[in-house]
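Proteins come first, then strands; the chains are lettered A, B, ... in the order of their sequence lines, and each starts at number 1. Since the model is a prediction, treat every value here as computed from it, not as a measurement.
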Amino acid sequence: MNNIKVIFISTPDFGLPSLEALINDKDFNIVSVITKSDKPVGRKQILTSPPIKQKALKNNISVLQPIKIKTIVAEIEALSPDIIIVVAYAQIIPQVILDIPKYGCINVHGSLLPKFRGASCIQAAILNGEKKTGVTIMKMDAGLDTGPILAQREVEIEPNWTSGDLYDKISVLGGEILAPTIKAYIAGEIQEKAQDNSASSYAKMLKKEDGLIDFNQDAVNVERFVRAMQPWPGSFTDQQIKILEVSGEILDTESYAPGDFFEYNNQLAVKCFRGALIVNRIQPVGKKIITGQEFLNGYKKYIKK
RNA sequence: CGCGGGGUGGAGAAGUUAGGCAUCUCGCCAGGCCCAUAACCUGGAGGUCAUCGGUUCAAAUCCGGUCCCCGCAA
C-alpha cells in the first residue's frame, strides 16, 4: 500500500510530530493541510500563522484555513482523500466530512480513551493524579472522542511533570505510532476496539479563569493543580499572584488559614486545606518570575507571621 | 498606535498620590558570641534611583521624549 491520499487537519504544535511523520513517510501523499486562520499574536499583535501551516508551507503542501470547516466540504470532496487525519483541531468535524474518505477520519487523542475525552485530556490526567496516561489513535464517529480504538501507547507520568512536559511527550508519541497504525489499519490488520462507555470521563476545555487556585483543597491536590495548569492557563491566587512551581508537603501548619503565605524553614510556603506546600517560583502580576526566597524578602505584606 | 503593570546598592521590595537626609528583608565583607552553625549580636562596603531633556531654591517623586522587562490578549 502506498500513495495514500491524506488530508491533515490540525492547528497547534501538538500536531507537528504527526505531520512530520506523514511527510517523511513516502507511502503517504498529503494532498492538503487544513488549519485555523492566522491570528494576531503577542503584545504587538503581529499576524502569525499556526505552526502547522508554517510546517506545511515549508514542505510545499497546500493549506486551507476556513473559519468554519463546514464551508469547504466541496473542496475536501474534490481532493478525494483516502483518509483524513485530525490532531487537535478544536472544531467538531461534521458527519458530512466524516463520510468523505474511503477509510474514514482518524483522530490522535492525548489520553487513554475512554478516559479523558475532550479538549483538556492532558491536564486532566495530571489533575487526576494518574500514574500513567497515553495517546490513542481512533476512528472518529459522530460523538466527541467516542469512536473505536485502533491503537494506544502508554506514558508514565513523572511526579514533577507539568502539562507542558506531558504534552510534548504525548505529541511525539502520537507521531511515532500514527503512520504504522494507519498502514496496518488500511491493510485490514487491525481489529477496531469499541470504547467502554461506562468507563469514560470527560475533560472540558479549560478557560483562563479555571486557573484560579482553590486553597480549600488538600495540599496534594493543589500541587497537582499547579502542575496541570502549567503552562496554560497558569495557576494564580485571587491576589493577582501567579504560582508557577510548588513542591513538598508540610503537615503541621494548623495556625494558618488556607491561602496564607508564611515562612517555613527559610522557604516560602502556602497553606492549603490539609497540609501546606513550599512555593519555589512565583510571579506577582506585572513583575518577573522570582523564587520563593525572593518573595519572602521583598513582599513582606503578603507574609503571615 | 489593542489594554494594563514595572525599571530604586549584588537579589527582591518600600518610598512616587501630597517634591525636602536613600529605607526594609536577604546576600557580601570584617569582628563578636558559641563545643559548633546556614542561628544570634556589632560594625562596614556597595547607589549617576533605566536613560535623555524640562520645571524648581530643591526631583527617585512633577512634565515631555527614548530604551528595556512583564501581565492581559492570542
Atom pair distance, as rounded to whole Å: [atom1] in [X] and [atom2] in [N]:
X        : N     : atom1 : atom2 : result
A/Lys207 : B/A73 : NZ    : C1'   : 17 Å
A/Ile289 : B/G71 : CD1   : P     : 7 Å
A/Gln267 : B/A38 : CD    : P     : 18 Å
A/Arg281 : B/G71 : CZ    : C1'   : 16 Å
A/Ile282 : B/C70 : CD1   : C1'   : 15 Å
A/Gln283 : B/C69 : CD    : P     : 14 Å

Quote, to the nearest angstrom, the [atom1] distance that separates [N] from [M].
N     : M     : atom1 : result
B/C52 : B/G7  : C1'   : 16 Å
B/C57 : B/C40 : C1'   : 47 Å
B/A39 : B/U25 : P     : 15 Å
B/G20 : B/A60 : C1'   : 13 Å
B/C28 : B/C68 : P     : 34 Å
B/A18 : B/G5  : C1'   : 23 Å
B/C62 : B/G4  : C1'   : 22 Å
B/A59 : B/U66 : P     : 24 Å

Can you name the residues that form a side chain to side chain contact (heavy atoms under 4.5 Å, CB included) with A/Leu47, not counting sequence neighbours?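 A/Leu47 satisfies side chain to side chain contact (heavy atoms under 4.5 Å, CB included) with A/Asp38, A/Pro40 only.
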
So what's [N] paired with, Watson-Crick or G-U wobble, going by both distances under 3.5 Å?
N     : answer
B/C33 : none
B/C28 : B/G44
B/G53 : B/C63
B/G9  : none
B/G2  : B/C72
B/C21 : none

Per-nucleotide protein contact string for nucleotides 2-15 of chain B, where B marks a base within reach and S marks sugar-phosphate only (heavy atoms under 4.0 Å, - for neither): BB-BS----SBS--

Can we call the ring centroids of A/Tyr302 and A/Phe261 under 6.0 Å apart?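 Aromatic pair excluded; centres sit 6.0 Å or further apart.
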
Ring centroid separation A/Phe215 to A/Phe273 under 6.0 Å: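 Aromatic pair excluded; centres sit 6.0 Å or further apart.
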
Can you give me the closest heavy-atom contact between A/Lys36 and A/Pro50, atom names plus distance?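 The pair with the smallest heavy-atom distance is O-CG, 3.2 Å.
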
At 4.0 Å (heavy atoms only), tell me whether A/Gln240 reaches a base, stays on the sugar-phosphate, or touches nothing.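 The answer is nothing, as A/Gln240 stays clear of every strand by at least 4.0 Å.
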
For A/Glu154, which of A/Lys169, A/Lys115, A/Lys132 qualifies under salt bridge (charged side-chain N to carboxylate O under 4.0 Å, His left out)?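 Checked A/Lys169, A/Lys115, A/Lys132 against A/Glu154; only one passes salt bridge (charged side-chain N to carboxylate O under 4.0 Å, His left out): A/Lys132.
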
Can you classify the ring geometry of A/Phe295 versus A/Tyr299 as parallel (below 30°), tilted (30 to 60°) or perpendicular (above 60°)?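 Aromatic pair A/Phe295/A/Tyr299 classed parallel.
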
I want to check something: taking the side chain as every heavy atom from C-beta on, are A/Ser201 and A/Phe116 in contact at a cut-off of under 4.5 Å?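 Counting from C-beta outward, A/Ser201 and A/Phe116 do come under 4.5 Å.
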
A/Arg224: salt bridge (charged side-chain N to carboxylate O under 4.0 Å, His left out) partners, not counting sequence neighbours: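 With sequence neighbours excluded, A/Arg224 shows a salt bridge (charged side-chain N to carboxylate O under 4.0 Å, His left out) to no residue whatsoever.
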
